[in-house]
2 protein chains.
Amino acid sequence: MAEKHELRDKGLRLTPQRELVLAAVRELEHATPEEVAEKVKLTHPGINLSTVYRNLETLENVGLVQHSHLGHGGVRYHASTEEIHAHLNCESCGTIIEVPIDATASFTQSLLDGYGFHTDLAHLAIAGRCESCFNMPEAPNKP
Amino acid sequence: MAEKHELRDKGLRLTPQRELVLAAVRELEHATPEEVAEKVKLTHPGINLSTVYRNLETLENVGLVQHSHLGHGGVRYHASTEEIHAHLNCESCGTIIEVPIDATASFTQSLLDGYGFHTDLAHLAIAGRCESCFNMPEAPNKP
DNA sequence: AAGCAACTGCAAATCTTTCGCAATTAGTGT
DNA sequence: ACACTAATTGCGAAAGATTTGCAGTTGCTT
């Protein structure tokens, strides 16, 4: 892994905790800080939750990770290198569907034209229901 | 006000607190539970914050109010009778721009066609930056 | 007017995220 | 290899938001 250089190049120190947090974000995709901590604990049980929070913030500041708000479940982090995408978040089963940002281009353009609004669809999920949950009206698939 | 019947018709008891919470949500539009409590306290100073939370939940269960996630600032409630609309939430200054749902119809249709996703744009705000914040790159207007 | 379940107020519990501070450690220069 | 300094960590406490248990109150039905 080229992580060592990635982190140093950003002016960050290379600590085991930091490497593991970054690796966890990359592997998990859309993970909550709690989930990242769980993952890191597998190989580094002593890590403190506040260290995870601080590293997520630090890594976000240098642009290596980003967070999104995916609805009820709080904040989630993903690696910046992932293709930029919007998130469709099923409110019933929690499934996240990723949509390439070009598929949203005409919509965001219309918001710019109509409201002068510069949309950042990557940051907040779009709520709704996926096909299968939509078809069982009153029996949501709680995960 | 026809509130009395509205509430009873839903099988709810008519308490001053409940009436005031509903009235506050209707007047405030996009209010946080905290803001609703403030409003109610003007006429009913003794109301407890947990009563506000409980009533918001109850009123949501019977469909009289709904909540949305408008970005970093937490949950906000609005009356169900309001025109359905999407929210554009400026991440710099916090301004909320309301967009009639028809303006989003072709976008949501394309998500349905492409991903089988039934979009509920009213529930989660769309993040971005409003015109004026967009024009001052590194000096966000924190409210 | 009486009874009961719904509702409220209060205090404490949870949950998530942040902060202060002292101890540790990575990266630099010697 | 060794020492130095600032960044980073762990830990405990704090803060903010929301929930819960419980006992007392109150709306609604009879």
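Every chain is numbered from 1, with letters handed out A, B, ... down the list of sequences.
Rounded to an integer number of Å, the gap from Arg18(B) CZ to dT25(D) C1' is 14 Å. If you measure from atom OH of Tyr53(B) to atom P of dT14(C), you get 18 Å, rounded to the nearest angstrom. Atom P of nucleotide dT17(C) and atom CD of Glu60(A) are separated by 13 Å, given to the nearest angstrom. Leu20(A) has its CG atom 14 Å from the C1' atom of dT9(D), to the nearest Å. Nucleotide dA17(D) holds its P atom 11 Å from the CD atom of Glu35(B), rounded to whole Å. Asn61(A) places its CG atom 15 Å from the C1' atom of dT8(D), with the value rounded to the nearest Å. The distance between atom CZ of Arg76(A) and atom P of dT16(C), rounded to the nearest whole Å, is 12 Å. Straight-line distance from the CD atom of Glu57(B) to the P atom of dT19(D): 6 Å, rounded to whole Å.
No donor-acceptor pair closer than 3.5 Å links the side chain of Thr95(A) to the backbone N or O of Cys90(A). Under the 3.5 Å distance criterion, the side-chain polar atoms of Ser92(A) are left unmatched by any main-chain donor or acceptor of Arg129(A).
With ring centers used as reference points, His67(B) lies under 6.0 Å from His123(B).
The NE2 atom of His30(B) lies 11.5 Å from the CD atom of Glu35(B); values are rounded to the nearest 0.5 Å. If you take CG on Leu12(B) and CZ on Arg18(B), they are separated by 5.0 Å, rounding to the nearest 0.5 Å. Taking CZ from Arg8(A) and CZ from Arg13(A), the interatomic distance works out to 11.0 Å, rounded to the nearest 0.5 Å.
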* What string of B, S and - do you get for nucleotides 23-30 of chain C 5' to 3' if you count protein non-hydrogen atoms under 4.0 Å? -> --BBS---

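Heavy-atom distances to DNA chain C give each of Gln17(B) and Glu34(A) a nearest nucleotide, and the one nearer the 5′ end belongs to Gln17(B). Two residues, Leu49(B) and Asn55(A), neighbour DNA chain D, and the one matched to the more 5' nucleotide by heavy-atom proximity is Asn55(A).
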* Asked: Run the side-chain contact (heavy atoms from CB on, under 4.5 Å) check on Leu124(B) and Ile126(A) step by step: do they pass?
  -> CA-CA 6 Å; Leu124(B) 275 179; Ile126(A) 295 170; 6.0 Å; no

* In sequence, state the C-alpha distance, the side-chain angles, and the governing distance for Val25(B) and Lys39(B), and then conclude on side-chain contact (heavy atoms from CB on, under 4.5 Å). => CA-CA 9 Å; Val25(B) 170; Lys39(B) 177 82 178 176; over 6 Å; no

Close N/O contacts between protein and nucleotides 10-12 of chain C (under 3.5 Å):
from    : atom 1 : to       : atom 2 : distance (Å)
dC10(C) : N4     : Ser50(B) : OG     : 3.4

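The side-chain hydrogen bond (donor to acceptor under 3.5 Å, both in side chains) pairs that include a residue from residues 101-111 of chain A are Gln109(A)-Asp113(A), where partners are two or more places apart or lie in different chains.
Proximity of His44(B) to the phosphate of dG9(C): a side-chain N or O atom is located under 4.0 Å from OP1 or OP2.
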